[in-house]
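This report concerns only the one structure given below.
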Amino acid sequence: MNIRFFIKASIIAGFLSLPLMVSATDLERRQSELKSIQAQINKQQSEVKNTNKQRERLVSLLKEDEKAIAQAATKVNRTKQDLSQTDKKLAELNNKQQQLNQLKSAQQKSLSNQLESAYLAGNHDYSKMLLNQQSPASIERLLAYYQYLNKARIDSIEQLQTTLKELEEIQTEQQQQQNRLNKLVIEQQQQAKKLNQEQVQRQNTLTQLQRTLNSSGAVLEQLQIEEASLKQVIKQALAAAKNNPSFDGLSSRHKLNWPTKGRIKSAFGSKRSGQVKWKGVMISAAEGQNVKAIAGGKVIYADWLRGFGMVLVVDHGKGYMSLYGHAQALLKNAGDSVSKGESIALVGRSGGQTQPGLYFEVRHKGQAVDPARYCKR
C-alpha cells in the first residue's frame, strides 16, 4: 500500500459525496473513471499478493540454500580438523623416527666395538684352555668373562633388531598417514568447491529476495515476522529448559568471554527499523571463525530460523540462555551438552545477511538482557 493508493481511494470517496443532480454524460464519465480506479486498485492488490507469494517462495529457497551451505561448511571444518590431526601425527612419527635412527646408530656402534674387542682378544677354544695347565679358578673366571661378553653381544643384536622393526613399522605408518593426508587435501578442495557453488546459489536467491523488499514498509513487516518467529522459538526453548538439569547460570558479571572475536556493529537496544530494536548485539567477524559457548549448558535449539539463519540456543540453567544466530554452520545438535569455551558454531551470513557476523543474545526467563552485562568489555 502506498500514497498513490490512498489518493485513489480519496477520489472514490469523493464520488460517493457528489450531489445527485448531475447530467447523464457526467455520471457516465465518472462511473467510467471509478471503474478504471477500481481496476487499478485490484491490480495493485493482486501485485502485492503475488509479491508476497514470491517472497515466501524465495525465503523457503534461501532456507534450502543456507542449509546446504551449513552442511558443506561442516564438512570443510571437519576435514580441516582431520588435516591438523594428521599433520600432528606425522610430526610425531618423524620425531620418533629420528630418535630411533639415533638409537640404531648408537646400538650399531656399541655392537661394532664389542666385536672389535672380541677379535683383538682372540678366539679361545675351550679344550685348549683346559690343556694349558692353568688353574681351574683362572679358567672359570675366563669362561665367565667370555660368557658375559657373548650375552652382551646377543642383547645388543636383539635390541638392534627391535629398533629396526620399530623403524619399519613407523615408516609403514608414515606412508599410511601421508596417503590419508593426500586424500584429505583432495576432499577439502572438493568440499571448498561445493561450498563456493552453494554460496553463489544463495547469493542469486538473496538478490531476488531483496528485490521484493523494495520499500521500508516491506522491510519492517519482515522484521516483525522474524521477531515473532524468534519469540516462538524462545517460548519453545523455555519449555524445553524446564526438563533440563540445573546449570550454574550466568551470575558472574563482566567475567565471561564474548562468543567470538570481532567488533560490535549493532548494540543492544539500538534502533533497527521503525519501532523494532535490537534484542541482542551484532558482532562483525570473519566468516568461518569459531563461535564458542559463553558458559556450560545444554543445546535446546539448533536449526534454521527465518531472518536469523542457522541458530543455536544454549540453556545455562537458572532461567538463563544464550542465542547465536547467522551462523555458517552449527557444530552441535539439540540435546548436546557443551562446556564453557567449546566451539559450537561457525560465523556466517545466513538469514539473508550480506556481510559475515554473529547475532548474539542473552535472555533471562525469556526476557532479552544486554550481553555486555555478562561479557568482558
Side-chain angles (χ1 to χ4, degrees), residues 59-60 62-78 81 198 202 225-250 256-260 279-281 283 285 288-353 357-369 371 374-375:
V59 167
S60 179
L62 182 67
K63 177 181 178 180
E64 292 178 12
D65 292 342
E66 292 183 343
K67 280 201 166 188
I69 288 173
Q71 188 176 15
T74 300
K75 288 181 179 178
V76 169
N77 183 68
R78 191 180 299 123
Q81 291 177 346
E198 297 293 354
R202 172 198 177 267
I225 292 172
E226 292 163 8
E227 191 173 55
S229 300
L230 183 59
K231 285 180 179 178
Q232 184 62 31
V233 166
I234 295 300
K235 185 178 179 181
Q236 293 172 0
L238 282 170
K242 292 179 181 179
N243 300 320
N244 287 338
S246 178
F247 294 97
D248 295 332
L250 303 176
L256 302 175
N257 291 323
W258 288 93
T260 196
K279 299 293 192 301
V281 297
I283 303 173
Q289 185 171 291
N290 279 327
V291 176
K292 299 180 179 180
I294 59 170
K298 186 174 183 179
V299 179
I300 52 179
Y301 184 86
D303 205 345
W304 191 91
L305 181 66
R306 181 169 181 161
F308 297 91
M310 302 302 294
V311 172
L312 188 140
V313 180
V314 178
D315 170 35
H316 301 290
K318 297 183 179 179
Y320 287 95
M321 63 179 65
S322 57
L323 181 147
Y324 312 80
H326 299 315
Q328 183 185 56
L330 305 178
L331 306 181
K332 297 293 179 180
N333 298 312
D336 289 347
S337 293
V338 296
S339 304
K340 180 181 179 181
E342 185 176 0
S343 294
I344 56 176
L346 302 176
V347 172
R349 293 178 288 167
S350 61
Q353 295 296 298
L358 175 71
Y359 178 65
F360 174 53
E361 276 191 14
V362 172
R363 290 190 178 242
H364 185 229
K365 296 181 179 178
Q367 297 300 313
V369 293
Y374 302 95
C375 298

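Because the structure is a prediction, the values reported are computed rather than measured.
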Looking at Gly325 and Leu358, what are the two nearest heavy atoms and their distance?
O-CD1, 3.4 Å

How about CD on Gln71, more than 12 heavy atoms from neighbouring residues, nucleotides or ligands closer than 6.0 Å, or not?
no

Carefully, step by step, assess Ile294 and Tyr324 under the rule side-chain contact (heavy atoms from CB on, under 4.5 Å).
CA-CA 10 Å; Ile294 59 170; Tyr324 312 80; 3.6 Å; yes

Please check this pair: side chain of Ser350 against backbone of Gln328, looking for a donor-acceptor N/O pair closer than 3.5 Å.
no

Nearest heavy-atom pair of Asp65 and Arg202: which atoms, and what distance?
OD2-CA, 3.7 Å

Side chain to side chain contact (heavy atoms under 4.5 Å, CB included) partner of Glu361, the single match among Val281, Val313, Leu323:
Leu323

Rounded to the nearest 0.5 Å, what separation is found between the CG atom of Leu331 and the NZ atom of Lys292?
12.0 Å

Contact summary for His326 and Gly351, nearest pair of heavy atoms:
ND1-CA, 4.2 Å

Taking the side chain as C-beta and beyond, is there a heavy-atom pair between Tyr301 and Leu312 under 4.5 Å?
no

Atom pair CG/OH of Leu250 and Tyr374 - distance to nearest 0.5 Å:
6.5 Å

Establish, yes or no, whether a centroid distance under 6.0 Å links the rings of Phe308 and Tyr359.
yes

Any donor-acceptor pair under 3.5 Å linking the side chain of His364 with the backbone of Val369?
no

What is the distance from atom CD1 of Ile344 to atom CG of Asn290, rounded to the nearest 0.5 Å?
10.0 Å

Reported CG-to-CE distance for the pair Leu346 and Met310, which is rounded to 0.5 angstrom
10.5 Å

Full working for side-chain contact (heavy atoms from CB on, under 4.5 Å) between Glu66 and Trp304
CA-CA 8 Å; Glu66 292 183 343; Trp304 191 91; 2.7 Å; yes

Shortest non-hydrogen contact between Ala329 and Thr74, atoms and distance:
CB-OG1, 3.4 Å

If you round to the nearest 0.5 Å, how far is CD of Gln367 from CD1 of Ile234?
10.5 Å

Within residues 329-341 or reaching into it, pairs that qualify as side-chain hydrogen bond (donor to acceptor under 3.5 Å, both in side chains) - sequence neighbours excluded
Lys332-Glu342

Heavy atoms of Val311 and Leu330 approach each other most closely as O-CD1, 3.4 Å

Rounded to the nearest 0.5 Å, how far apart are CG of Leu62 and NZ of Lys67?
12.0 Å

Closest non-hydrogen atom pair between Ala285 and Thr260, with its separation:
CB-CG2, 4.2 Å

